[in-house]
2 protein chains.
Amino acid sequence: MSEKKTRRRGAALEAAILKVAWDQLQAQGYQALTIEGVAAGAATTKTVLYRRWPDKAHLVIATIRKFGNLVSYQVPDTGTFRGDLLDLFGQLASVLDTLKGETFRGLLSDRLKQVKFDQILDRLNNDNALASYVQPILDHAAARGEISQARWPERVVNLPGILLLNEIFSRRELTLAAQTAMVDEILLPVFSVKQ
Amino acid sequence: MSEKKTRRRGAALEAAILKVAWDQLQAQGYQALTIEGVAAGAATTKTVLYRRWPDKAHLVIATIRKFGNLVSYQVPDTGTFRGDLLDLFGQLASVLDTLKGETFRGLLSDRLKQVKFDQILDRLNNDNALASYVQPILDHAAARGEISQARWPERVVNLPGILLLNEIFSRRELTLAAQTAMVDEILLPVFSVKQ
DNA sequence: GAACATAAGATACGGCCGTATCTAATTAAT
DNA sequence: ATTAATTAGATACGGCCGTATCTTATGTTC
């Protein structure tokens, strides 16, 4: 048996760590994943991890960014406002399927602890991610005349995201029935769309 | 100086612990409060605390139940649906003022971690607490003819609670402007109330 | 290729968690 | 009153966190 002599550095080391983190995330879920466990799995030490990520939440975010299929959002264009909203939720549901529901909840729970002075920052970063998905849909609907205007208050634009979060928390999944209910019972009325 | 010889038991001991927990919660906030710290402050050991509460979240809940003014909800009766909704949010805001915003967020964050099989249970307990506040308001509004019916889908009835949570998380507080916006921009449209 | 800078890796620390085990005090039962 | 059942209190453990310190390997630079 040969002793390892090469010492990984930089990007190569980081990639190896993230791979282990992703595997453990899939195998054990968010709660059970520990910094020390990932370090051990990657045959390094937690010192190395703490040099890169401040805590578990950030490590997992980096892992998901690398291995999750999160970046493939396509602006829906079904021809109707309702169809576009359903398509938006459908795409989000398929993303969440690649993660386990527990991962998303655990991650968000961890992050909630830290929202203090980064509130505004957090608001701008996270929420606008989803708001930026919603805005084009509103633009199209307004152009078609389905809704009265394209610009809506921040809370209204963020509403799909809020409903989504609630769904994940309380039900752990995002069923088709739930998607339809959210669109028909809440979103369409808020935008004053007659059904 | 006299050594303490009496050993507190049962309710007396529990009351002493909760008092210390409440003081530390006010002084340090949720994050900084620790089981060991409360035990030390109450001149006992964490074994005693763990016999009573499974974790920090439950200890704090018990503390708030005892010292917070949470139980004084009065069903609003302002004469209008809009007025009742605003009154509901107003009452909630005053409750949250007795807690620090951080306490509520920290507590909820901790609880989110544990929602697994107790999801349904959790749903019934927590959400229905707020839904039970909302339902009388809907009954009154329907009786006055302001809304078309008193029975609405679960998601709709829970919507005020969801909006409230989002407000606490993203803004740390519940301003009057936010309350008005939630009512006028979201809730009234959802219930199809013309403005 | 020698000297320097950088980053990995090893180790140890104090803090808190949650559990287990043992003792000693208090209360209740006979 | 003596005995039995509870429950408080003390102590110790392994686990993980996040930080600090030190050594050692790998580069980069001249």
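By convention in this document, chain letters (A, B, ...) are assigned in the order of the sequence lines, proteins followed by strands, and residues within each chain are numbered from 1.
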Would you kindly give the [atom1]-to-[atom2] distance between [X] and [N], to the nearest whole Å?
X     : N      : atom1 : atom2 : answer
A/R51 : C/dT6  : CZ    : P     : 14 Å
A/Y30 : D/dC16 : OH    : P     : 15 Å
B/L13 : D/dA8  : CG    : P     : 6 Å
A/R7  : D/dT23 : CZ    : P     : 14 Å
A/Y50 : C/dG9  : OH    : P     : 17 Å
B/R8  : D/dT7  : CZ    : C1'   : 13 Å
B/K56 : C/dG15 : NZ    : P     : 17 Å
A/E14 : C/dG9  : CD    : P     : 13 Å

Set of ring-ring contact (aromatic ring centres under 6.0 Å, His included) partners for A/W22, sequence neighbours left out:
A/F67

With side chains defined as the heavy atoms from C-beta onward, is the minimum distance between B/L163 and A/L159 less than 4.5 Å?
yes

To the closest 0.5 Å, what do you measure between CZ (A/F81) and CG (A/L187)?
7.0 Å

Is the shortest side-chain N/O distance from A/T44 to OP1 or OP2 of C/dG9 below 4.0 Å?
yes

Determine the contact category for B/K46: base if any of its heavy atoms lies under 4.0 Å from a base atom, sugar-phosphate if only primed atoms, P, OP1 or OP2 are that close, otherwise nothing.
base

Between A/T47 and A/G37, the residue closer to the 5' end of DNA chain D by nearest nucleotide is A/G37

B/T34 side chain: which of D/dA8, C/dC17, C/dT26 is closest?
C/dC17

Which comes earlier along DNA chain C counting from the 5' end, the contact point of B/R9 or that of B/I35, where each point is its nearest nucleotide?
B/I35

Flag yes if more than 12 heavy atoms outside A/Q74 fall under 6.0 Å of its CD atom; otherwise flag no.
no

